Q: 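Mind looking over this structure? Questions follow.
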2 protein chains.
Amino acid sequence: MSRLASPELAERRRRQILDAALDCFRRRGFHQTSMQEICSAADISAGALYRYFGSKAEIIAAIAHDERQDSSVVFNAANGTVIDGLCLMAEGFFRKLAAGDGALVADVLAEAARDPILARNLALFDKQYVMACAEVIGAGQVRGEVDPALDPLEAAETLLAAIKGVGLRAATFGQTQLDGAAAQFRGLAERYLAVRA
Amino acid sequence: MSRLASPELAERRRRQILDAALDCFRRRGFHQTSMQEICSAADISAGALYRYFGSKAEIIAAIAHDERQDSSVVFNAANGTVIDGLCLMAEGFFRKLAAGDGALVADVLAEAARDPILARNLALFDKQYVMACAEVIGAGQVRGEVDPALDPLEAAETLLAAIKGVGLRAATFGQTQLDGAAAQFRGLAERYLAVRA
DNA sequence: ACCTGAACACCGTTCAAGT
DNA sequence: ACCTGAACACCGTTCAAGT
């Protein structure tokens, strides 16, 4: 067999196709954009595209993977308080949604809910992400910022779920109310994590 | 013009089609199920279907409408504490997700994020729902159950967003962890609403 | 009035033919 | 090796023809 001789070309073509696909998917959704649209956007023929991706589902999986990784990167700036760190991360996510990725995030959710293999792949990211978050919360507990009665792992999961819920609600119904969502989440996180009397 | 002479037949056919469509959409998603599948499931020809719905988008809109209304009904049993009321409602939603509606809920979200008309229609439901919730929280404040410093409307919005976030996360990654989601939400709501020292 | 099913332009995917 | 574009079975939608 002699397919895909040059790894550099292959990688370049894959990027070219994924960039075009992301653009289309954002606007019209996974299952409303046609392969022809992707081909046109990527300036490539249908036959050429299928040398680099076996199916539309494969492209969707790659985009979903990138989207999730993208959402996970932002959680390094844990210098300030736990609350500030969480809010910074949340704002990064809200900004992405406000920029037009709300529908894409919902698409990924829907896809993962129906495709166990994709769900498992995304869950791997998610676990890492939750654990990083839990670590920050645990550190906040030893500093006395966060109620020691909370289970850090469960608190991290709950807050990440809340971020997604608040963000998706704003993206669906919102007047691009990025600030409103951020304020809502800050209030929730502050009261949830607070040391109780 | 003489189309649709009998309202009873029309209503019966529309139900027949929507029931079949809901079944298909749950399993395969809005844009992966074909009209042929809906026609087969409804035991009706393509031509007949198009007498009662103008397009696939119209069927999707009707299903999304029903789905949202369905999620909104459960909030009457406000006898116990505010927390109990909220948790009862959350559990109703979680049960729906665990029964396999997780992907459908995500589909509706994605559809609404791209279709402003659908978004506005769903927002009407949502507003009523938020206000009912806010009223319960307000009543909790006068009973001393809920911190009077909270804005009832914002608290209602935030908690409803959190319910959706927690539920969708469980539905996407979860081991059908209905109980885990319920416990997570209860912890969040208790701490969020609590009167502070 | 109500329904059927073949027909239309278009979808995802394949593959012979080019370079 | 890499690409093109016509061809395949199927998609959403329409409409002449039946009852």
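Predicted, not measured: the structure shown is a model, and the values here were computed from it. Keep in mind that the numbers below use all heavy atoms, side chains included, and drop hydrogens, waters and symmetry copies. Every chain is numbered from 1 and lettered A, B, ... according to where its sequence line falls, protein lines coming before strand lines.
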Q: Mind checking what makes salt bridge (charged side-chain N to carboxylate O under 4.0 Å, His left out) contact with Arg28(A), not counting sequence neighbours?
A: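 Result, salt bridge (charged side-chain N to carboxylate O under 4.0 Å, His left out) vs Arg28(A): Glu37(A).
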Q: Using heavy atoms to find the nearest nucleotide of DNA chain C for Leu9(B) and Gly47(B) separately, return the residue whose nucleotide is more 5′.
A: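 That would be Leu9(B).
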Q: If I take atom CD in residue Glu8(A) and atom P in nucleotide dA1(D), what distance separates them, rounded to the nearest angstrom?
A: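 The answer, rounded to whole Å, is 15 Å.
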Q: Would you please confirm or rule out a distance under 4.0 Å between OP1 or OP2 of dT14(D) and any side-chain N or O of Arg51(B)?
A: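 It does not, given that no N or O in the side chain of Arg51(B) lies less than 4.0 Å from OP1 or OP2 of dT14(D).
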Q: Can you name the residues that form a salt bridge (charged side-chain N to carboxylate O under 4.0 Å, His left out) with Glu145(B), not counting sequence neighbours?
A: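 By the salt bridge (charged side-chain N to carboxylate O under 4.0 Å, His left out) rule, Glu145(B) matches Arg143(B).
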Q: Are Tyr50(A) and Leu9(A) linked, directly or through other ILVMFWY residues, by side chains that come within less than 4.5 angstrom of each other?
A: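 In one cluster: yes.
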Q: In the structure I gave you, are the side-chain heavy atoms of Cys133(A) and Leu159(A) within less than 4.5 Å of one another anywhere?
A: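 Cys133(A) vs Leu159(A): side chains apart.
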Q: Please name all residues satisfying side chain to side chain contact (heavy atoms under 4.5 Å, CB included) with Ile44(A), sequence neighbours left out, ordered by chain then number.
A: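 Result, side chain to side chain contact (heavy atoms under 4.5 Å, CB included) vs Ile44(A): Arg13(A), Ile17(A), Cys39(A), Ala42(A), Ala48(A), Leu49(A).
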Q: Please report the distance, rounded to the nearest Å, between CZ in Phe53(B) and P in dC3(C).
A: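 Phe53(B) atom CZ is separated from dC3(C) atom P by 13 Å.
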Q: Looking at residues 28-42 of chain B, who's got a heavy atom less than 4.0 Å off DNA chain D?
A: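 Heavy-atom cutoff 4.0 Å gives Thr33(B), Ser34(B), Met35(B), Gln36(B).
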Q: What nucleotide among dT4(D), dT14(D), dG12(C) has an atom nearest to a side-chain atom of Tyr50(B)?
A: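 For the Tyr50(B) side chain, the nearest candidate turns out to be dT14(D).
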Q: Does anything in residues 151-166 of chain B form a side chain to side chain donor-acceptor pair (under 3.5 Å)? List the pairs, not counting sequence neighbours.
A: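 Every side chain to side chain donor-acceptor pair (under 3.5 Å) pair that includes a residue of residues 151-166 of chain B, provided the two are not neighbours, is Gln184(A)-Glu157(B).
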Q: OP1 or OP2 of dC3(C) less than 4.0 angstrom from a side-chain nitrogen or oxygen of Tyr52(B), does that happen here?
A: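 So the side-chain polar atoms of Tyr52(B) do come within 4.0 Å of the phosphate oxygens OP1 or OP2 of dC3(C), strictly under.
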Q: With the side chain counted from C-beta on, respond yes when Leu22(A) and Leu18(A) share a heavy-atom pair under 4.5 Å apart, and no when they do not.
A: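 No, their side chains stay 4.5 Å or more apart.
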Q: Whole angstrom is fine here: how far is it from CD in Gln16(B) over to P in dC2(C)?
A: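 After rounding, the gap between these two atoms is 14 Å.
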Q: Which one, dT13(C), dT4(D), dC2(C), comes nearest to the side chain of Ser55(A)?
A: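 Between dT13(C), dT4(D), dC2(C), the one nearest the side chain of Ser55(A) would be dT13(C).
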Q: Would Ile59(A) and Leu4(A) show up in the same hydrophobic cluster when neighbours are defined by side-chain heavy atoms closer than 4.5 Å?
A: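 Yes, Ile59(A) connects to Leu4(A) through the hydrophobic network.
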Q: To the nearest angstrom, how far is Leu49(A) atom CG from dT4(D) atom C1'?
A: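 From Leu49(A) CG to dT4(D) C1': 13 Å.
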Q: Tell me the interatomic distance from Leu4(B), atom CG, to dC2(C), atom C1', rounded to whole angstroms.
A: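 Distance check: Leu4(B) CG to dC2(C) C1' gives 9 Å.
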Q: Under 3.5 Å for both distances, Watson-Crick or G-U wobble, that's the pair rule; now give the dot-bracket for DNA chain D, with | marking pairs to another strand and [ ] for crossing ones.
A: ||.|||||...|||||.||
Q: Looking at dT4(D), dT13(D), dC3(C), which one has an atom nearest to any side-chain atom of Lys56(B)?
A: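 It is dT13(D).
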Q: From the options dA1(C), dC3(D), dG5(C), select the nucleotide whose nearest atom is closest to the side chain of Ser45(A).
A: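 Selected nucleotide: dC3(D).
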Q: For the pair made of CZ in Arg14(A) and C1' in dC2(D), what is the distance, rounded to whole Å?
A: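 Distance, rounded to whole Å: 16 Å.
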Q: One thing to verify: whether Asp115(A) and Arg120(A) come together as a salt bridge, which I'm taking to mean a side-chain N less than 4.0 angstrom from a carboxylate O.
A: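 No salt bridge links Arg120(A) with Asp115(A).
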Q: In whole Å, what is the span from the CZ atom of Arg13(B) to the C1' atom of dT4(C)?
A: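 Checked: the CZ to C1' distance equals 13 Å.
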